[in-house]
Undergrad: 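Pasting a structure here, questions to come.
Residue numbering restarts at 1 for every chain, and letters A, B, ... go by the order of the sequence lines. Computed from a prediction, not measured in an experiment: that's the story for all the values here.
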2 protein chains.
Amino acid sequence: MLSERQKMILRMIVEDYVQSAEPVGSRSISKHVDMGLSAATIRNEMADLEEQGYLEQPHTSAGRVPSQQGYRYYVDHLLQLGERLKPEEISKMKVLFSERVDEIEKVAQQTALYLSTFTQYTAVVLGPQVYDNTLRSLQVVPITEHSAVLLAVTSTGQVQNKTVSFPDDISLAQVEQLVRLLNEKLVGIPIYQMRSRIFEEISREVARQMKDFEEAQRILDRLLSAIVAEKDGKVFLGGTTNMLLQPEFHNVEKAKSVLSWLEHHDLVSKALLQESMTSAPLSVRIGGENELSMLQNCSLVTATYRIGEDPVGVIGIIGPTRMEYGRVIRVLDYFSKEMTQLVTKWYSG
Amino acid sequence: MLSERQKMILRMIVEDYVQSAEPVGSRSISKHVDMGLSAATIRNEMADLEEQGYLEQPHTSAGRVPSQQGYRYYVDHLLQLGERLKPEEISKMKVLFSERVDEIEKVAQQTALYLSTFTQYTAVVLGPQVYDNTLRSLQVVPITEHSAVLLAVTSTGQVQNKTVSFPDDISLAQVEQLVRLLNEKLVGIPIYQMRSRIFEEISREVARQMKDFEEAQRILDRLLSAIVAEKDGKVFLGGTTNMLLQPEFHNVEKAKSVLSWLEHHDLVSKALLQESMTSAPLSVRIGGENELSMLQNCSLVTATYRIGEDPVGVIGIIGPTRMEYGRVIRVLDYFSKEMTQLVTKWYSG
DNA sequence: GATTAGCACTCAACGATCAAGAGTGCTAAC
DNA sequence: GTTAGCACTCTTGATCGTTGAGTGCTAATC
């Protein structure tokens with residue numbers, strides 16, 4: 001249990017260290033305004049805090065640095081979220097969101113960019129999940145005699161397109177007929193149910209209409225894969241190179257391990273989902289709380305955005321554990337609300 | 001004018017330096033097999049080469065390093081392109097291309113990935129340009145009473161989609177009617193001509209049918225922007241963090257300047273296009289030959305891929321000036337041919 | 001009993017100095 | 001024309017004080 005004074009000191013150390021990236025000494029805390037204590041007293045308290053695991057010392061005779069547990073305590077108990085963003089910042093952000101952007105991917109991309117420029121960290125936006133959405137319409141646009149673009153539009157307005165080619169003995173007309181049938185049967189069905197539906201209800205009917213059962217199966221498979229292929233929400237990054245601004249990543253090895261991870265969108269997507277599509281509207285993972293080894297020195301703060309009540313996507317910030325948690329949380333909170341408003345208006349309005 | 005011996009020495013220095021990243025001394029050249037000369041002789045020749053600007057010395061008593069001019073000479077005259085890729089490499093690549101991938105964006109993304117893993121440099125793929133293509137079909141899929149997804153499919157099978165919302169006093173039926181009209185008038189027209197066409201031919205007719213001229217204009221504008229919005233080909237990157245493998249980018253500052261540039265897809269796209277949509281099938285830009293300051297230490301090698309004879313996209317490799325030009329050129333050559341074959345078969349077959 | 005001044009101690013960071021080694025340029029001999 | 005030899009240059013790495021920030025402890029003070 002921490003005394004009020006210890007909490008105050010811990011908070012000061014965290015905030016000082018976040019700014020300076022240098023171990024914090026007792027003197028600099030003591031000199032702080034509204035702290036009427038001598039360095040010696042602070043030293044005693046610091047020794048206590050270290051003993052309890054909230055602080056660490058890089059080496060004897062260096063100042064103290066918050067431990068993972070220290071950050072955790074800071075985030076859970078010392079953060080004053082009452083503080084709002086500064087008005088001038090809010091108005092800056094408002095401008096960004098008032099720009100008319102009318103394609104969901106652009107919005108996601110832009111949001112990632114803004115998040116990163118606002119925080120000076122790396123931002124991630126996970127585009128709306130189409131997996132849970134229902135199919136609104138299936139369209140086929142012929143290109144040549146034996147290939148066509150298949151378009152699947154979901155209830156959230158996401159479009160997936162895929163070029164499919166089909167064998168010589170299947171005519172375009174047959175494919176169009178098939179697509180008509182699929183439309184009849186599948187519109188309104190959640191995409192994740194689609195595969196089972198096709199096999200249960202549709203295969204038989206298709207086979208009856210198309211005579212050659214095996215051929216029908218093959219075509220169906222191809223169409224199906226076009227629809228459900230992109231079940232992973234797309235990942236949009238902003239300010240990846242901001243990572244390099246942080247002194248903890250001046251070591252190229254460390255930088256590379258994080259940046260490489262960011263290149264693997266599937267992994268990033270997984271990490272974000274795992275974390276955030278749960279219940280809490282906002283999640284903070286500090287250092288080792290991330291399972292991935294390349295994120296041991298990083299913190300990942302994420303928030304969901306929703307359509308109505310259903311979470312459909314995630315926005316997040318990745319930075320060093322030495323992160324401005326307060327600011328990041330406030331910015332994410334703001335952006336997630338804006339995003340929620342935007343997509344809600346957009347897709348259900 | 002370089003003697004045969006000087007050429008040989010220059011080639012050895014370039015190739016040695018490319019491998020080692022260390023200045024090359026006279027001794028190591030002299031010890032090379034099939035080089036029956038002493039270090040002293042090499043030194044003389046090296047001094048000559050330096051005087052003529054092909055080599056540089058980081059400092060007295062260091063070995064020599066190729067200058068930009070040296071690399072240029074190497075690429076233009078000393079590269080033995082007769083050498084083919086090793087059979088085992090070719091077969092590896094063949095495997096990659098034989099995988100069925102059936103969406104152009106995936107192909108581009110994958111190609112970028114393969115290029116980068118094959119070369120250990122950073123790869124860029126510029127997706128097929130839709131700007132010169134003609135419109136094949138315009139589709140509208142309603143989402144709510146006052147918003148819809150507009151789909152434009154081009155002659156190369158590229159799909160652009162955009163969510164448009166329209167004011168209360170315009171009904172969905174009217175928009176659908178408008179889209180029918182646009183389809184009639186615009187299919188087969190190159191996209192770059194679209195804006196003028198709309199204003200010349202269509203506006204009047206639309207106004208006649210829709211009564212309210214101004215309103216019609218507004219809707220038209222919105223539809224139009226949906227169609228021609230993405231005139232920039234999309235940029236796909238692979239192995240951006242490979243940049244950090246190179247010793248010349250162990251300095252975080254330099255790394256950051258290049259990586260940040262790579263984040264700005266519009267700039268990358270511009271650089272690639274400027275370079276490569278011209279006549280030559282393959283282009284090599286060494287160091288300062290790039291205008292951009294962040295690319296002064298980089299070389300950019302690009303190749304186009306085509307549909308039939310028309311170049312529609314660019315693939316490229318970005319690495320340090322100290323680059324394995326021979327290998328990179330061979331790999332790019334191979335990939336561009338595969339890409340050409342792929343998209344040609346795909347879109348015009 | 002809590003606080004603080006004082007002091008000895010520790011350790012990273014920095015700079016100076018030095019030796020080793022790689023590489024050059026020049027000269028004279030082959 | 002080529003090469004051996006040698007003096008010279010310059011980087012690299014190691015060693016070694018010195019400095020300074022910061023600590024922990026003790027004893028004095030409030």
Undergrad: Show, in sequence, the C-alpha distance, side-chain angles and deciding distance for A/Q68 and A/T321, and conclude whether the side chain to side chain donor-acceptor pair (under 3.5 Å) test is met.
TA: CA-CA 8 Å; A/Q68 179 175 319; A/T321 42; over 6 Å; no

Undergrad: Any donor and acceptor pair, going by atom type alone, linking the side chain of B/E324 with main-chain N or O of B/V18 inside 3.5 Å?
TA: no

Undergrad: From CD of B/E22 over to P of C/dG21, roughly how many Å is that when rounded to an integer?
TA: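 For the pair B/E22 CD and C/dG21 P, the rounded distance is 17 Å.
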
Undergrad: Rounding to an integer number of Å, can you tell me how far A/I42 CD1 sits from D/dA21 C1'?
TA: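 It works out to 17 Å between those atoms.
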
Undergrad: Residues of residues 47-69 of chain A with any non-hydrogen atom less than 4.0 angstrom from an atom of DNA chain D: list those, numerically ordered, please.
TA: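 Those residues whose heavy atoms fall under 4.0 Å from DNA chain D, taken from residues 47-69 of chain A in numerical order, are A/Q57, A/S61, A/A62, A/G63, A/R64.
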
Undergrad: Starting at atom CG of A/D16, determine the distance to atom P of D/dG22, rounded to an integer number of angstrom.
TA: 10 Å

Undergrad: From OH of B/Y17 over to P of C/dG23, roughly how many Å is that when rounded to an integer?
TA: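 B/Y17 atom OH is separated from C/dG23 atom P by 14 Å.
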
Undergrad: For the pair made of NZ in B/K31 and P in D/dT3, what is the distance, rounded to whole Å?
TA: 16 Å

Undergrad: Is the shortest distance from a Lys or Arg side-chain nitrogen in B/E45 or B/R5 to a carboxylate oxygen in the other one below 4.0 Å?
TA: yes

Undergrad: For residues A/Y54 and A/Y73, establish whether the separation of their ring centroids is below 6.0 Å.
TA: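 Ring centroids of A/Y54 and A/Y73 are less than 6.0 Å from each other.
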
Undergrad: Do A/T119 side-chain atoms and A/L115 backbone N/O form a donor-acceptor pair below 3.5 Å?
TA: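 It does hold such a pair.
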
Undergrad: Could you tell me how far apart B/M46 (CE) and C/dT24 (C1') are, to the nearest whole angstrom?
TA: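 Result: 10 Å.
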
Undergrad: Check this for me, if you would: do B/D266 and B/K270 make a salt bridge, where the nitrogen-to-carboxylate-oxygen distance has to be below 4.0 angstrom?
TA: no

Undergrad: Across nucleotides 1-7 of chain C, 5' to 3', mark each nucleotide with B, S or - according to how protein heavy atoms within less than 4.0 Å reach it.
TA: --SBBB-

Undergrad: Just say parallel, tilted or perpendicular for the rings of A/Y71 and A/Y325, cut-offs at 30° and 60°.
TA: tilted

Undergrad: Can a donor-acceptor pair be found between the side chains of A/Y121 and A/Q246 at a distance below 3.5 Å?
TA: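 On atom types as modelled, these side chains do not qualify, holding no pair under 3.5 Å.
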
